[in-house]
Asker: 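Let me give you the structure first, and then I'll get to my questions.
Each chain gets a letter, A, B and so on, in the order the sequences are listed, and its residues count up from 1.
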Protein chains: 2
Amino acid sequence: MTDAQKWVERFPGLSRLEPTIKQVLLSRSAIIEVPKGVTIFGPGNSPENMLFLLDGTVRVQQVSDTGHEIVLYRIQAGESCVLTTACLLAFENYSAEGISETAIQAAAIPREVFDQLVSQSKSFRDFVFAAFSKRITDLFLMIDEVAFQRLDVRLADKLLSLSDGQDTIITTHQKLSVELGTAREVISRQLQEFQRRGWIEQARGSVSLLDRARLEKLADHNS
Amino acid sequence: MTDAQKWVERFPGLSRLEPTIKQVLLSRSAIIEVPKGVTIFGPGNSPENMLFLLDGTVRVQQVSDTGHEIVLYRIQAGESCVLTTACLLAFENYSAEGISETAIQAAAIPREVFDQLVSQSKSFRDFVFAAFSKRITDLFLMIDEVAFQRLDVRLADKLLSLSDGQDTIITTHQKLSVELGTAREVISRQLQEFQRRGWIEQARGSVSLLDRARLEKLADHNS
DNA sequence: AGTTCTTGGTGACATTGTCACCAACCTGGG
DNA sequence: CCCAGGTTGGTGACAATGTCACCAAGAACT
């Protein structure tokens with residue numbers, strides 16, 4: 001068995017499953033690979049399978065009927081798409097879409113296998129309900145931030161989380177505005193202010209963090 | 001068997017369950033009544049049971065650490081609290097709370113019975129996952145509205161949905177501001193503008209809708 | 001009548017969103 | 001090489017919304 005085929009062990013919530021359940025997951029799943037930038041699910045494109053993300057990142061975002069876009073959340077390696085997939089199956093006419101932000105590797109399991117596992121395994125049920133619960137509470141937090149948090153605080157926070165250890169973020173003002181659900185001009189002004197304070201440095205298509213401590217202080221202070 | 005004890009038939013998603021499953025729901029549930037204005041679940045108060053709301057309304061809202069409040073959604077008769085309850089059990093430190101907006105009547109089932117039903121009945125699974133999915137897609141819509149919709153549109157929409165057929169809404173500017181996650185002053189100004197246009201009439205503690213058609217046009221136009 | 005709380009009004013100002021427009025840069029084709 | 005068109009970012013004016021401080025009228029209670 002290859003490394004990818006032992007994928008169940010890589011999921012914190014799945015590694016404690018009963019051995020027979022793990023065996024079902026492994027034997028009835030297919031490892032798939034998707035290149036960067038592909039719309040994995042979206043309007044008019046609901047997948048047949050539920051995905052468990054082994055490597056890479058999926059960005060879930062939404063386009064408003066006013067033309068505005070906003071990033072809702074990301075699915076990282078070790079997480080599953082069950083909730084988003086389930087939502088798609090339940091409501092075809094929703095407006096969210098999932099895009100591979102990097103090349104990704106995932107384990108795909110058919111819906112009926114998913115249903116069978118939910119029925120047979122208490123551990124698997126707990127895993128699924130925990131995923132749903134985490135998603136809903138995260139959405140509560142996001143509503144709170146969008147409604148009440150100042151934009152400079154949200155931008156500092158987003159820069160830090162996008163940097164992921166690196167000091168330079170490859171992105172554009174436009175993409176940052178979609179992250180926060182605001183307008184490009186607003187991002188440009190805020191970044192100018194951060195640059196004026198010496199916290200960041202800008203180049204075309206990238207932002208470099210010069211003073212993480214100050215950014216963290218701003219991001220944490222009122223959060 | 002009293003009327004309240006046949007409650008399963010009143011749930012669109014439950015009435016199609018297998019008879020044996022219905023029997024478990026009926027026999028293992030307790031009918032409870034809660035007066036208006038009680039915090040049913042909230043920080044430091046996660047209930048032991050999952051509730052199926054037979055009569056009344058539960059308002060779910062959130063208090064930000066900045067002191068701001070916003071109404072997230074309502075649970076109406078015929079809906080269940082499973083998702084919110086599940087969230088509470090999973091994450092004790094969340095900030096949302098559920099308050100009885102009217103006197104309510106509900107069927108309470110213990111967690112282990114819920115788990116047993118999810119395991120045994122495909123129909124019940126479908127009901128539960130549909131409830132989760134509906135909630136998540138509704139939250140997506142709410143994020144879109146909070147982030148991108150103009151306040152006059154949101155207020156017109158909220159007035160219409162709160163009116164519920166009546167022409168006079170008993171509420172205060174303060175309560176309306178919590179509904180939309182904004183400030184009281186903003187509500188006061190918008191209501192003044194609506195009044196100036198002759199769409200509504202205000203009194204202390206109430207708002208009367210004079211021109212539903214215009215309000216609907218504003219609410220629908222960009223939604 | 002007097003006190004206190006609730007409800008709503010107001011003006012000044014800060015923050016954020018929108019619009020129109022421009023300049024610099026990049027890319028691909030002739 | 002030069003040019004055309006797309007991308008990226010900057011700017012100013014203005015509109016919409018949020019914040020703050022304060023006030024006034026009504027309601028509730030003694």
Asker: Considering only heavy atoms and no angle criterion, is a donor-acceptor pair shorter than 3.5 Å present between the side chain of A:Arg189 and the base of C:dT18?
Answerer: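 Flag set: donor-acceptor pair detected.
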Asker: To the side chain of B:His173, which of C:dG8, D:dG10, D:dG18 is closest?
Answerer: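 Of all the options, the side chain of B:His173 is nearest to C:dG8.
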Asker: Think B:Thr172 has a side-chain N or O under 4.0 angstrom from the OP1 or OP2 of C:dT7?
Answerer: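 Negative; the distance criterion is not met.
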Asker: What is the distance, rounded to the nearest whole Å, between atom CD of A:Glu193 and atom P of D:dG9?
Answerer: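 After rounding, the gap between these two atoms is 18 Å.
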Asker: Salt bridge check, B:Arg197 against B:Asp211: does any charged N sit closer than 4.0 Å to a carboxylate O?
Answerer: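 Judged by the 4.0 Å cut-off on N to carboxylate O distance, B:Asp211 and B:Arg197 do not form a salt bridge.
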Asker: Whole angstrom is fine here: how far is it from CG in A:Leu191 over to P in C:dT16?
Answerer: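 Taking CG of A:Leu191 and P of C:dT16, I get 13 Å after rounding.
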Asker: Given D:dT11, is OP1 or OP2 found less than 4.0 Å from the side-chain N or O atoms of A:Gln192?
Answerer: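 Checking D:dT11 against A:Gln192, a side-chain N or O does come within under 4.0 Å of OP1 or OP2.
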Asker: Check the distance between D:dG9's C1' and A:Gln202's CD and give it to me in whole angstrom.
Answerer: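 In whole Å, D:dG9 C1' and A:Gln202 CD are 9 Å from each other.
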Asker: Could you state the CZ-C1' distance from A:Phe148 to D:dT19, rounded to the nearest angstrom?
Answerer: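 My rounded result for the distance is 14 Å.
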Asker: Check whether the side chain of A:Arg150 and the base of D:dT17 form a donor-acceptor pair under 3.5 Å.
Answerer: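 Check fails, no donor-acceptor contact within cut-off.
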Asker: Using a heavy-atom cut-off of under 4.0 Å over every strand shown, decide if B:Glu185 touches base, sugar-phosphate, or nothing.
Answerer: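 B:Glu185: base contact, heavy atoms under 4.0 Å.
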Asker: Would one find a side-chain N or O of A:Thr182 under 4.0 angstrom from OP1 or OP2 of C:dT16?
Answerer: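 So the side-chain polar atoms of A:Thr182 never come under 4.0 Å of the phosphate oxygens OP1 or OP2 of C:dT16.
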Asker: Does any donor atom in the side chain of B:Ser208 or B:Thr168 lie under 3.5 Å from an acceptor atom in the other side chain?
Answerer: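 B:Thr168 and B:Ser208 do have a side-chain donor-acceptor pair below 3.5 Å.
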Asker: Within this structure, what is the CG-to-C1' distance between A:Leu151 and D:dT19, rounded to whole angstrom?
Answerer: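 Result: 16 Å.
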Asker: Toward the 5' end of DNA chain C, which comes first, A:Gly181 or A:Arg204, by nearest nucleotide?
Answerer: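 Closest to the 5' end, via its nearest nucleotide, is A:Gly181.
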Asker: Using a strict 4.0 Å threshold on nitrogen-to-oxygen distance, state whether A:Glu179 and A:Arg74 make a salt bridge.
Answerer: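 Salt bridge between A:Glu179 and A:Arg74, a charged N being under 4.0 Å from a carboxylate O: yes.
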Asker: In whole Å, I'd like the distance from the CD atom of B:Glu69 to the P atom of D:dG18.
Answerer: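 In whole Å, D:dG18 P lies 16 Å from B:Glu69 CD.
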Asker: Looking at C:dT18, I'd like to know if its phosphate oxygens (OP1 or OP2) sit under 4.0 Å from a side-chain N or O belonging to A:His68.
Answerer: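 True: A:His68 side-chain N/O within range (under 4.0 Å) of C:dT18 OP1/OP2.
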Asker: Could you walk me through whether B:Ser163 and B:Arg212 satisfy the side chain to side chain donor-acceptor pair (under 3.5 Å) test, starting with their C-alpha distance in whole Å, then the side-chain angles of each, then the deciding distance to 0.1 Å, before giving a yes or no?
Answerer: CA-CA 10 Å; B:Ser163 75; B:Arg212 276 184 133 68; 2.6 Å; yes
Asker: Once you apply a heavy-atom cut-off of 4.0 Å, does B:Gln190 come out as touching a base, just sugar-phosphate, or nothing?
Answerer: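 Sugar-phosphate contact only.
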Asker: Tell me if the side-chain of B:Arg184 makes a donor-acceptor pair with the base of D:dG18, cut-off 3.5 Å, by modelled atom types.
Answerer: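 By the distance-only test, no, there is no pair.
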Asker: Quickly work out the B:Gln149 CD to D:dT17 P distance and round it to whole Å.
Answerer: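 That distance rounds to 10 Å.
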Asker: Do NZ/NE/NH1/NH2 and the carboxylate oxygens of A:Arg196 and A:Glu193 come within less than 4.0 Å?
Answerer: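 Answer for the salt bridge query: yes.
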Asker: For A:Asp152 and C:dG17, what is the distance between atoms CG and C1' respectively, to the nearest whole Å?
Answerer: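 The distance from CG of A:Asp152 to C1' of C:dG17 comes to 15 Å, rounded to the nearest Å.
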